[in-house]
Amino acid sequence: MSARPWSVCVNRLGLRFVNEATGYDRFGQAMVADQLKTGANMPCWLIFDAKFRAKFSAGGLMPTVHTPDHRIPGHWWDHYVFRAGSIEELARKIGIAPQALSETVQVMNGYAQTGVDPEFGRGGNIYDRFFGDPGVTPNPNLGPIDTAPFYAVPINNGDLGTKGGLRCDAQARVLDGGGRLIPHLYAAGNCAASPFGDCYPGAGATIGPALTFGFVAAGDIAARANEQQRMTA
């Protein structure tokens with residue numbers, strides 16, 4: 001959710017719970033796990049400083065060159081986006097214990113100096129670093145959160161697909177509980193079981209199968225219709 005430096009994600013206890021640079025599917029799973037463990041997630045919070053705000057987008061906020069603070073709708077402030085002159089003041093605005101959030105930020109600033117995140121390994125693999133800032137060293141995913149004003153936006157969990165749905169064969173034909181074909185019934189997209197099982201390979205993992213198996217289903221239906229016409233001719 002946030003591979004960019006100068007930021008950290010915390011639950012409502014002010015504690016990190018995930019490698020912020022991981023894929024959004026795994027981030028969502030970590031939110032659920034932390035909610036079950038602590039009851040203090042969903043939403044969690046993305047905390048960032050003025051350097052991040054100037055260069056990167058966050059939620060509905062574009063970088064300041066496009067959307068400076070004075071152009072943000074007034075009703076967003078202290079409802080969707082929060083801003084303060086110190087981490088402690090920001091914590092109070094979003095209902096987090098100031099000392100807890102301050103300590104988390106201080107720890108992250110230490111990681112930014114060493115380039116190593118011993119808690120969750122942020123920036124420790126190629127995937128993370130691809131989405132970081134190559135101008136930031138020694139770790140493109142870690143930067144000190146030390147420049148006021150400081151900001152916070154909530155992160156809510158959501159979905160864009162399913163891992164349920166009807167089990168189908170290679171022609172997108174629906175199978176019953178015993179693995180037998182259900183005549184004349186096809187499924188594709190989110191109403192069909194994912195061909196990737198419980199994995200998520202990346203962007204397009206819902207659209208790609210929907211297009212592919214929709215095409216396959218249409219082809220199979222057309223072929224069967226042609227065969228029926230041939231047999232009745």
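Heavy atoms only: backbone and side chains are in, while hydrogens, waters and symmetry mates are out. This one's a predicted model, so the numbers in the text were calculated from it and none came from an experiment.
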Establish, from distance only, whether the side-chain atoms of [X] and [Y] form a donor-acceptor pair under 3.5 Å.
X	Y	result
Q106	S102	yes
D128	N19	yes
N41	N11	no
Q171	Y186	no

- prompt: Name the one of V153, T104, V10 that satisfies side chain to side chain contact (heavy atoms under 4.5 Å, CB included) with I47?
  reply: V10

[X] side chain to [Y] main-chain N or O, any donor-acceptor pair under 3.5 Å?
X	Y	result
R173	L181	no
Y200	G23	no
R83	D78	no
D34	A30	no
T114	Y111	yes

Measuring from atom [atom1] of [X] to atom [atom2] of [Y], what distance do you get when rounded to the nearest 0.5 angstrom?
X	Y	atom1	atom2	result
F150	E88	CZ	CD	8.5 Å
R4	L46	CZ	CG	11.5 Å
Q113	N139	CD	CG	13.0 Å
D69	R71	CG	CZ	12.0 Å
R12	T38	CZ	OG1	7.5 Å

State, to 0.1 Å, how close [X] and [Y] come at their nearest heavy-atom pair, and which atoms those are.
X	Y	value
R122	D117	N-OD2, 3.0 Å
S2	C9	CB-SG, 4.4 Å
H66	M62	ND1-CB, 3.5 Å
N156	P43	OD1-CB, 3.4 Å
N141	G132	ND2-CA, 3.4 Å
P209	G204	CD-O, 3.8 Å

field: Within the 6.0 Å centroid threshold, strictly below: Y151 and F52
entry: no

message: Centroid separation under 6.0 Å, is that true for the rings of F131 and F56?
response: no

message: Closer than 4.0 angstrom, basic N to acidic O: yes or no for E227 and R230?
response: yes

task: Kindly determine whether R53 and D49 satisfy salt bridge (charged side-chain N to carboxylate O under 4.0 Å, His left out), including the steps that lead there.
output: CA-CA 6 Å; R53 171 81 180 93; D49 73 356; over 6 Å; no

Are [Y] and [X] connected into the same hydrophobic cluster when the rule is that any two of I, L, V, M, F, W, Y join if their side-chain heavy atoms are below 4.5 Å apart?
X	Y	value
W6	L90	no
M108	F120	no
V136	V8	no
V18	I145	no
V65	V81	no

Could you check whether atom [atom1] of [X] has more than 12 heavy atoms from other residues, nucleotides or ligands sitting under 6.0 Å from it?
X	atom1	value
Q99	CD	no
F196	CZ	yes
L211	CG	yes

task: Would you sort out whether M31 and F17 count as a side chain to side chain contact (heavy atoms under 4.5 Å, CB included), showing the intermediate values?
output: CA-CA 8 Å; M31 288 179 66; F17 59 93; 3.8 Å; yes

message: By the definition ring pair (Phe, Tyr, Trp, His ring centres under 6.0 Å), identify the one residue from W77, W45, F48 that meets it with F82.
response: W45

message: Please determine whether salt bridge (charged side-chain N to carboxylate O under 4.0 Å, His left out) holds for the pair D176 and R167, giving the CA-CA distance in whole Å, both sets of side-chain angles, and the decisive distance to 0.1 Å.
response: CA-CA 8 Å; D176 65 17; R167 185 182 178 189; over 6 Å; no

